[in-house]
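Here the structure comes first, spelled out in structure tokens, and everything after it is commentary.
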Amino acid sequence: MTSTTRTTREECAALDAADPLAAFREEFSLPPGVIYLDGNSLGALPVRTPARVAQVVEQEWGHDLIRSWNDAGWFEQPYRLGRRLAPLIGAGPQEVVVCDTTSVNLFKVLSAALALRPGRRTVLGDGEAFPTDLYIAEGVTGLVEGARQVLVRPEELDAHLDADVAVVVLSHVDYRTGELLDMPGITARVQAAGALMIWDVCHSVGALPVELGAAGADFAVGCTYKYLNSGPGAPAFLYVAERHLAAAPTQPLSGWFGHARPFAFEPGYEAKPGIGRFLTSSPSLLGQAALGVSLDVWERADLAAVRAKSLALTDLFISLVERLDGVEVVTPREHARRGSQVALRHADGYPVVQALIARGVIGDFRAPDLMRFGFTPLYLSYTEVWDAARHLAEVLESGEWREERFSRRGEVT
């Protein structure tokens with residue numbers, strides 16, 4: 001490590017020894033010799049997940065067969081998991097359901113929100129949001145006569161909140177930079193202009209306390225495979241404020257699981273009351289089983305302690321890397337404006353990240369020049385953060401990232 005180090009490895013070890021979350025490390029299967037700083041993209045595997053998924057495959061499916069829809073509670077899983085997940089996002093148990101993907105759920109809630117604001121036709125979004133949010137909004141507005149999507153930066157939002165704005169869609173934490181937006185303040189301003197507010201909480205749920213209810217949010221969507229550790233392809237969730245559940249029109253993906261009487265097999269569609277009207281089709285039961293294991297862990301975790309450690313880990317990493325040659329810290333320094341990742345700008349960020357991965361320090365890259373490092377408090381230690389910063393310093397100082405193999409691009413970066 002260079003002379004810019006402000007904290008010693010011994011001091012980090014002392015922090016680990018006093019860490020109230022340290023025991024959670026044993027809940028996850030982490031490869032030896034790997035420092036995993038990509039939980040903001042795909043969370044680590046909980047140690048109990050393989051056995052639970054095997055139980056669903058071998059016992060509930062293999063032995064009990066179709067009886068498991070009733071006997072194992074398969075049919076109720078979307079609601080049961082929604083009730084369990086609700087405390088992590090500050091929602092009521094009747095306001096959350098686990099289903100489909102983030103993209104599909106955004107399509108559903110955005111369509112419903114537009115219908116709740118007849119006569120208004122503008123959807124405001126962040127032009128630098130994760131692209132699926134922009135693509136889905138483009139698709140929804142393309143289906144509504146006269147509707148349009150207008151892309152602005154969050155700091156420009158107020159200037160665009162006119163009488164034609166029906167809905168605003170923003171990410172609580174910026175997937176690239178890790179910037180945390182002011183959920184209560186933005187929601188209040190959007191609603192004061194007569195519009196509805198949809199939050200994408202993919203990069204905040206499980207990383208910090210999310211308070212959708214206290215903020216007055218109208219709708220929200222999120223995934224479970226990042227900080228919630230439920231695995232690749234895991235089901236997403238959606239939130240609808242209770243005040244909208246009765247008034248919300250039927251969402252356009254009116255599949256049989258959202259029908260008031262799905263086993264009546266009637267030709268006409270009648271939506272279920274409550275959050276069930278936002279269901280579409282049969283749930284992904286293996287993914288939902290994995291999520292159930294993750295929620296077993298989260299129900300024992302103190303979100304305030306998670307947030308405190310997240311800020312401490314990211315503070316530590318920033319202090320260790322901020323003076324490295326060619327590196328610019330893009331993530332805000334202020335705690336109130338930071339999620340649980342640190343983004344560093346470097347002109348050759350892609351090969352630098354690949355060189356780190358070859359050393360066992362796994363982060364990721366987002367074009368054109370951002371190196372992203374996620375900090376997952378349940379299984380990441382202070383000493384690992386110190387070691388990761390040391391590896392980054394060595395990669396940059398040695399120039400090893402210039403090796404041709406580190407510039408080869410994979411399909412996923």
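A salt bridge is defined here as a Lys NZ or Arg NE, NH1 or NH2 lying under 4.0 Å from an Asp or Glu carboxylate O, and E394 with R390 meets this definition. Looking at K309 and D302, no side-chain N of the basic residue comes within less than 4.0 Å of a carboxylate O on the acidic one, giving no salt bridge.
For residues 81-94, every residue pair satisfying the side chain to side chain donor-acceptor pair (under 3.5 Å) rule, not counting sequence neighbours, is listed here: R84-D296, R84-E299, Q94-E242. Within the structure, the salt bridge (charged side-chain N to carboxylate O under 4.0 Å, His left out) test picks out the following pairs touching residues 57-69 (sequence neighbours left out): R52-E60.
The aromatic rings of F75 and W69 stand perpendicular to each other, their planes meeting at an angle above 60°, with 30° marking the opposite boundary.
Side-chain contact between R277 and Q251: absent, with no pair of heavy atoms (C-beta onward) separated by less than 4.5 Å. At a threshold of 4.5 Å between non-hydrogen side-chain atoms, the residues V205 and H172 do not count as touching. Side-chain contact between R148 and V150 is present, with heavy atoms from C-beta onward closer than 4.5 Å. L161 is listed as a side-chain neighbour of V168, based on a closest heavy-atom distance under 4.5 Å. Residues T383 and R9 meet the side-chain proximity criterion, which asks for heavy atoms closer than 4.5 Å.
With sequence neighbours excluded, no residue forms a salt bridge (charged side-chain N to carboxylate O under 4.0 Å, His left out) with E26.
Taking CG of L37 as the reference point, atom CZ of R372 lies at 12.0 Å (rounded to 0.5 Å). We find the OG1-NZ distance between T280 and K108 to be 3.5 Å, quoted to the nearest 0.5 Å. The OG1 atom of T224 sits 8.0 Å away from the CZ atom of F237 when rounded to the nearest 0.5 Å. One finds the CZ atom of F130 at 9.0 Å from the SG atom of C223 (value rounded to the nearest 0.5 Å).
Two rings, from F263 and W256, have their centers less than 6.0 Å apart.
Scanning all heavy atoms of the two residues, the minimum distance from P154 to L170 falls at CG-CD2, 4.4 Å.
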